[in-house]
K.L.:
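Below you will find the structure I want to go over with you.
Every value quoted in this text rests on a predicted model; they were computed, and no experiment measured them.
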Protein chains: 2
Amino acid sequence: MATKAQAPKWLNPREMKAWRSYIIASRRLLDALDTDLEGHDLSMADYEVLAQLSDAPGRKMRMSELAELAMVSKSRLSHRMKVMEKAGWVRREECESDRRGSYAVMTDQGWKAIVKAAPSHVASVRNRLMDHLTVKDQEDLAKIFDRLQTELRGQFINEN
Amino acid sequence: MATKAQAPKWLNPREMKAWRSYIIASRRLLDALDTDLEGHDLSMADYEVLAQLSDAPGRKMRMSELAELAMVSKSRLSHRMKVMEKAGWVRREECESDRRGSYAVMTDQGWKAIVKAAPSHVASVRNRLMDHLTVKDQEDLAKIFDRLQTELRGQFINEN
DNA sequence: GGTAATTGGTAGAACTTTCAACAATTGAAG
DNA sequence: CTTCAATTGTTGAAAGTTCTACCAATTACC
């Protein structure tokens, strides 16, 4: 059920090249960015969670919503929050309007942590990626992956 | 030591857009591809290992070399091999020329497994990615990520 | 040849992520 | 107002990954 009737068509050399270049360089890139963040005791995933949370009004957001935005499962977010809570970056607050729910709230300390990490993370995105792209490249990239994202959001993928 | 002196420059909107589109769509794409492979009891990582191994002469390769090509750590490959060995897809053979070393060898059963998975994986790459790209896009993509890969290989990242 | 440094690979511990089940609440239907 | 399905979020265990230490073989060097 994953894909529809299998197109028997193999990838042609051009496609193959695009695919392999993309997949390999991306892996390297993500690894490098993760490594760069280590100094701040953050992984890309945690950074993403905190970044999203810090954008929310009051730096406060329902767990489910946060999970959705940061593209992690609820279960994973829950576990991760426990760790970040111990680190003093976030805390939980219960929700009065829906008493099943709870809020993730970023603490001042958490805010400080991400503000401190951000410049070096941005520099890292620059060093590792942007510096190697022309303006034209950036536009191409945005165009391609924007379209891709739209298409992929259509095909659904369940998150537990 | 991760990055050199921090460029204080923030990302401009164009850069930000390129970056976020890329990172989010990539995550979705990789997730989708992994999901598509589940039916064959393979992860992208395992597929990559087997694919590399199946390309080697005699479908046989030194562990370290395989780890390098498939971009996994030696330790991880070692653990993974244990699992795939149990599944009957690979076996180990000792190396006479260097008696510290050993070969990873793909079994017939492993070959069958990957041959069986390949068409649907390729179809999946098509459905999820290629079908949404024009020829021009493919060329742009290859160009960008080729360059990126070269640059990133220069900046070193240690793998244990 | 002897011994130190390096390399190839593995193993166990610690940690992270996923999976499946769960309690609590909500909302809708009868 | 009761019942039932769906939603929110958590948990414990299983599966997977990374880290560290290690052994054994090899190579380098005196």
K.L.:
Roughly, in whole Å, what's the span from CD in B/Glu38 to P in C/dC19?
P.N.:
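After rounding, the reported distance stands at 7 Å.
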K.L.:
So, does A/Arg92 get its side chain near the phosphate of D/dT10, meaning an N or O under 4.0 Å from OP1 or OP2?
P.N.:
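True: A/Arg92 side-chain N/O within range (under 4.0 Å) of D/dT10 OP1/OP2.
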K.L.:
Should we count CG of B/Asp108 as having more than 12 external heavy atoms under 6.0 Å?
P.N.:
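Counting neighbours around CG of B/Asp108, 12 or fewer heavy atoms of other residues, nucleotides or ligands fall under 6.0 Å, so no.
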K.L.:
Under 4.0 Å: is that the gap between some side-chain N or O of B/Arg100 and OP1 or OP2 of C/dG9?
P.N.:
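Indeed not, no polar side-chain atom of B/Arg100 lies that close.
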K.L.:
Can you say whether a donor on the side chain of A/Ser75 sits under 3.5 Å from an acceptor on the base of C/dC19, or the other way round?
P.N.:
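It does, because a donor-acceptor pair links the side chain of A/Ser75 to the base of C/dC19 below 3.5 Å.
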K.L.:
Which nucleotide wins on minimum distance to the side chain of A/His79, given the candidates D/dT18, C/dT18, C/dT10?
P.N.:
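In terms of side-chain proximity for A/His79, the closest of D/dT18, C/dT18, C/dT10 is C/dT18.
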K.L.:
Do the rings of B/Phe145 and A/Tyr22 sit parallel, tilted or perpendicular, given the 30° and 60° boundaries?
P.N.:
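Perpendicular: the ring planes of B/Phe145 and A/Tyr22 meet at over 60°.
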K.L.:
A/Arg62 side chain N/O closer than 4.0 Å to the phosphate oxygens (OP1, OP2) of D/dT8?
P.N.:
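So the side chain of A/Arg62 is outside the cut-off, no N or O lying under 4.0 Å from OP1 or OP2 of D/dT8.
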K.L.:
Look at the rings of A/Trp19 and B/His121 and say which category their plane angle falls in: under 30° parallel, 30 to 60° tilted, over 60° perpendicular.
P.N.:
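Taking B/His121 first and then A/Trp19, their aromatic rings stand perpendicular (interplane angle over 60°).
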K.L.:
At what distance, to the nearest 0.5 angstrom, does CD of A/Glu48 lie from OG of A/Ser43?
P.N.:
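Between atom CD of A/Glu48 and atom OG of A/Ser43 there are 10.0 Å.
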K.L.:
So what does B/Ser64 touch, heavy atoms closer than 4.0 Å: a base, only the sugar-phosphate, or nothing?
P.N.:
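Sugar-phosphate only.
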K.L.:
Calculate the interatomic distance between B/Asp34 atom CG and C/dC19 atom P; express it in whole Å.
P.N.:
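Going from CG in B/Asp34 over to P in C/dC19 covers 11 Å.
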K.L.:
Pick the nucleotide of DNA chain C nearest each of A/Val83 and A/Ser97; which residue has the one closer to the 5' end?
P.N.:
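It is A/Val83 whose nearest nucleotide is closer to the 5' end.
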K.L.:
Can you measure B/Glu94 atom CD to C/dT10 atom C1' for me and round it to whole angstrom units?
P.N.:
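The distance from CD of B/Glu94 to C1' of C/dT10 comes to 15 Å, rounded to the nearest Å.
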K.L.:
Let me know the distance between NZ of A/Lys74 and C1' of D/dT11, rounded to the nearest Å.
P.N.:
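Between C1' of D/dT11 and NZ of A/Lys74: 14 Å.
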K.L.:
Atom CG of B/Asp41 and atom P of D/dA15: how far apart are they, to the nearest Å?
P.N.:
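It is 13 Å, rounded to the nearest whole Å.
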K.L.:
Check the phosphate of D/dA24 against B/Arg99, side-chain N and O only, distance under 4.0 Å to OP1 or OP2. Yes or no?
P.N.:
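For D/dA24, OP1/OP2 do not have a side-chain N/O of B/Arg99 under 4.0 Å.
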K.L.:
Please confirm whether the shortest side-chain N or O distance from A/Lys82 to OP1 or OP2 of D/dT11 is below 4.0 Å.
P.N.:
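For A/Lys82, the contact criterion (side-chain N or O under 4.0 Å from OP1 or OP2 of D/dT11) is met.
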K.L.:
Rounded to whole Å, how long is the line connecting atom CD of B/Glu85 with atom C1' of C/dG9?
P.N.:
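Checked: the CD to C1' distance equals 13 Å.
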K.L.:
Between A/Leu66 (CG) and D/dG9 (P), how many Å, whole number?
P.N.:
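My rounded result for the distance is 10 Å.
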K.L.:
Between A/Gly101 and B/Asp46, just flag the one whose closest nucleotide in DNA chain D comes earlier from the 5' side.
P.N.:
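Between the two, 5'-proximity favours A/Gly101.
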K.L.:
Provide, to the nearest angstrom, the distance between the CG atom belonging to A/Asp98 and the C1' atom belonging to C/dA24.
P.N.:
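Rounded to whole Å, this separation is 10 Å.
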K.L.:
Between B/Ser102 and B/Arg92, is there a donor-acceptor pair closer than 3.5 Å when you use the side chain of the first and the backbone of the second?
P.N.:
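Not a single qualifying donor-acceptor pair exists.
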